[in-house]
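Worksheet for the structure shown next.
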Amino acid sequence: MQDRALGTQGLTVSAVGYGSMGTVVGYGASDDTESVAAIRRAHDLGVTFFDTAEMYGWGEGEKLLGRAVAPFRDEVVIATKFGFTPRFGTDSRPEHIREVVATSLRNLGVDSIDLLYQHRVDPAVPIEDVVATMAEFVDAGKVRHLGLSEAPPEDIRKAHAVHPISALQTEYSIFAQDAEPLFPLLEELGIGFVAYSPLARGFLTGTAKPARDYDPTDFRTLMPWWNADNYDANARIVGQLTELADTQAMTVSQLALAWTLAQRDYIVPIPGSRNPDRVAQNIAAGDIALTAEDLERIAAIAPDGGQGGRGTPSPWL
């Protein structure tokens with residue numbers, strides 16, 4: 001596994017990380033035993049970057065990840081996030097940040113968090129106050145590096161002026177390319193990019209089904225890519241990508257991850273899976289180098305990404 005730098009403050013992680021949201025929420029019924037096995041398989045295969053959040057099961061995701069990585073905690077980078085409320089509002093008041101971070105440390109069973117993100121910008125709290133509060137934990141040795149998620153350029157710039165931001169996390173995949181206007185700013189400021197949902201929440205695995213075929217608790221039933229107006233068109237895109245992947249003796253998931261890695265050398269995708277074998281397939285994408293011709297063909301197949309949009313507003317557009 002190759003390493004990549006996130007920011008210029010010394011944070012180095014595996015080129016492919018692991019996103020753990022699906023271990024506890026969002027994708028139907030979960031199995032803690034299988035999830036722990038998947039996380040440990042990822043580590044065995046060279047993954048050193050594991051991502052979670054307060055919102056993922058409201059503490060349950062952090063507890064599961066903490067248990068899974070406990071045997072090798074000192075060998076990995078743990079990222080978590082604060083800022084959502086149970087009703088999906090935002091709350092980044094300084095006193096609330098302090099409460100959440102203290103709870104996250106307990107849930108994870110760690111003395112420090114390697115990368116702490118604000119999960120979403122809170123319009124009621126100046127970003128400067130948010131980052132100043134986050135920086136208190138850096139000064140106290142409880143947090144090593146700071147990040148933002150789904151933040152617009154003006155807030156990224158303001159935040160970075162208060163304390164260096166090591167990483168911006170935003171959805172990014174062949175289906176969701178709307179983060180690309182942020183790349184020049186990240187390059188200017190020396191901020192790394194963490195791509196969540198690099199497999200388009202599972203659509204780019206070749207296993208997607210129409211929304212009606214999922215469990216009602218599965219959040220994909222509510223996403224535009226899966227609705228009746230868009231599903232067939234998106235399935236055709238994945239079919240063409242699969243044909244291309246087949247010519248290269250790889251899976252469509254590996255093609256999608258290799259595409260993400262090829263876009264910039266400071267991008268780290270964090271695919272997640274509860275299945276240890278799929279985890280191994282995802283990690284193998286880190287060894288795949290796409291040619292210029294491959295990238296041109298992908299651009300021709302999906303010039304505008306997936307049909308229907310990613311379902312999350314992009315505040316920079």
Side-chain angles (χ1 to χ4, degrees), residues 2-19 48-51 53 77-83 92 113-123 126-128 130-132 134-135 138 143-200 256-271 285-286 290 295 298-299 304-305 310 312-317:
Q2 299 292 315
D3 287 338
R4 290 193 169 190
L6 291 176
T8 57
Q9 291 75 50
L11 179 57
T12 301
V13 301
S14 53
V16 178
Y18 181 91
T48 63
F49 185 36
F50 294 87
D51 178 275
V77 170
I78 298 174
T80 192
K81 316 175 200 68
F82 69 86
S92 286
I113 295 164
D114 299 302
L115 176 59
L116 178 67
Y117 294 99
Q118 183 191 33
H119 210 155
R120 290 293 186 275
V121 171
D122 185 344
I127 193 71
E128 295 91 339
V130 172
V131 176
M134 296 167 73
V138 177
V143 169
R144 292 179 56 223
H145 300 277
L146 303 185
L148 301 174
S149 180
E150 297 281 357
E154 59 270 22
D155 285 315
I156 296 170
R157 195 177 288 280
K158 289 176 183 177
H160 195 70
V162 174
H163 186 282
I165 300 299
S166 294
L168 175 73
Q169 181 175 139
T170 295
E171 184 171 1
Y172 186 58
S173 69
I174 292 173
F175 265 30
Q177 301 178 31
D178 51 325
E180 291 180 351
L182 297 172
F183 291 170
L185 176 62
L186 301 184
E187 291 160 12
E188 174 193 340
L189 299 178
I191 297 173
F193 185 84
V194 176
Y196 77 81
S197 295
L199 298 178
L257 291 170
W259 176 90
T260 304
L261 289 163
Q263 301 310 302
R264 297 290 192 281
D265 62 6
Y266 55 82
I267 293 177
V268 176
I270 51 169
L290 298 178
L295 295 171
I298 293 168
D304 300 312
R310 66 189 181 103
T312 299
S314 299
W316 52 88
L317 296 178

Pairwise distance [atom1]([X]) to [atom2]([Y]) - rounded to 0.5 angstrom:
X      : Y      : atom1 : atom2 : value
Thr170 : Glu180 : OG1   : CD    : 12.0 Å
Ile267 : Phe193 : CD1   : CZ    : 6.0 Å
Ser314 : Glu150 : OG    : CD    : 6.0 Å
Leu199 : Ile174 : CG    : CD1   : 9.0 Å
Phe50  : Ser14  : CZ    : OG    : 7.0 Å
Leu6   : Leu186 : CG    : CG    : 11.0 Å

Exercise for the section: Sequence neighbours left out, what pairs pass salt bridge (charged side-chain N to carboxylate O under 4.0 Å, His left out) with at least one residue falling in residues 260-269? Expected result: Glu187-Arg264
Practice task
Specify whether Phe183 and Tyr172 have parallel, tilted or perpendicular ring planes, treating 30° as the upper limit for parallel and 60° as the lower limit for perpendicular.
Solution key: perpendicular
Problem - side chain to side chain contact (heavy atoms under 4.5 Å, CB included) assessment of Leu168 paired with Val194 - result: CA-CA 6 Å; Leu168 175 73; Val194 176; over 6 Å; no
Grab the two heavy atoms, one from [X] and one from [Y], that are nearest each other, plus how far apart they are.
X      : Y      : answer
Glu171 : Ala179 : O-CB, 4.1 Å
Ala159 : Leu148 : CB-CD1, 3.8 Å
Leu11  : Ser166 : CD2-CB, 4.3 Å
Trp259 : Leu290 : N-CD1, 3.5 Å
Pro198 : Ser173 : O-CB, 3.3 Å
Ala167 : Leu115 : CB-CD2, 4.2 Å

Is there side-chain contact between [X] and [Y], with heavy atoms separated by less than 4.5 Å?
X      : Y      : result
Leu295 : Gln263 : yes
Leu182 : Trp316 : yes
Ile191 : Leu185 : no
Ile156 : Ile165 : no
Tyr117 : Thr80  : no
Val268 : Thr260 : no
Arg120 : Thr312 : yes
His119 : Phe82  : no

Exercise for the section: Determine, stepwise, if the pair Glu128 / Arg157 fulfils salt bridge (charged side-chain N to carboxylate O under 4.0 Å, His left out). Expected result: CA-CA 10 Å; Glu128 295 91 339; Arg157 195 177 288 280; over 6 Å; no
Handout entry: Side chain Thr48, main chain Val77, donor-acceptor under 3.5 Å
Key = no
Handout entry: Side-chain donor/acceptor of Ser197 to backbone N/O of Ala200, under 3.5 Å
Key = no
Exercise for the section: Go through Asp178 and Arg310 one step at a time and tell me if the side chain to side chain contact (heavy atoms under 4.5 Å, CB included) criterion holds. Expected result: CA-CA 9 Å; Asp178 51 325; Arg310 66 189 181 103; 3.1 Å; yes
Completion exercise
Result for side chain to side chain contact (heavy atoms under 4.5 Å, CB included) between Val121 and one of Ser92, Pro315, Pro152, Ser149 points to Pro152
Practice task
Determine, step by step, whether Asp122 and Val130 satisfy the side chain to side chain contact (heavy atoms under 4.5 Å, CB included) criterion, reporting the C-alpha distance in whole Å, the side-chain angles of both residues, the deciding distance to 0.1 Å, and the verdict.
Solution key: CA-CA 9 Å; Asp122 185 344; Val130 172; 5.5 Å; no
Exercise for the section: List the steps and the verdict of side chain to side chain donor-acceptor pair (under 3.5 Å) for Gln177 and Asp304. Expected result: CA-CA 8 Å; Gln177 301 178 31; Asp304 300 312; over 6 Å; no
Practice task
Dump the intermediate steps for side chain to side chain contact (heavy atoms under 4.5 Å, CB included) on Gln169 and Asp51, then the final yes or no.
Solution key: CA-CA 10 Å; Gln169 181 175 139; Asp51 178 275; 3.0 Å; yes
Handout entry: Non-neighbouring partners of Arg144 that pass side chain to side chain donor-acceptor pair (under 3.5 Å), sequence neighbours left out
Key = Asp114
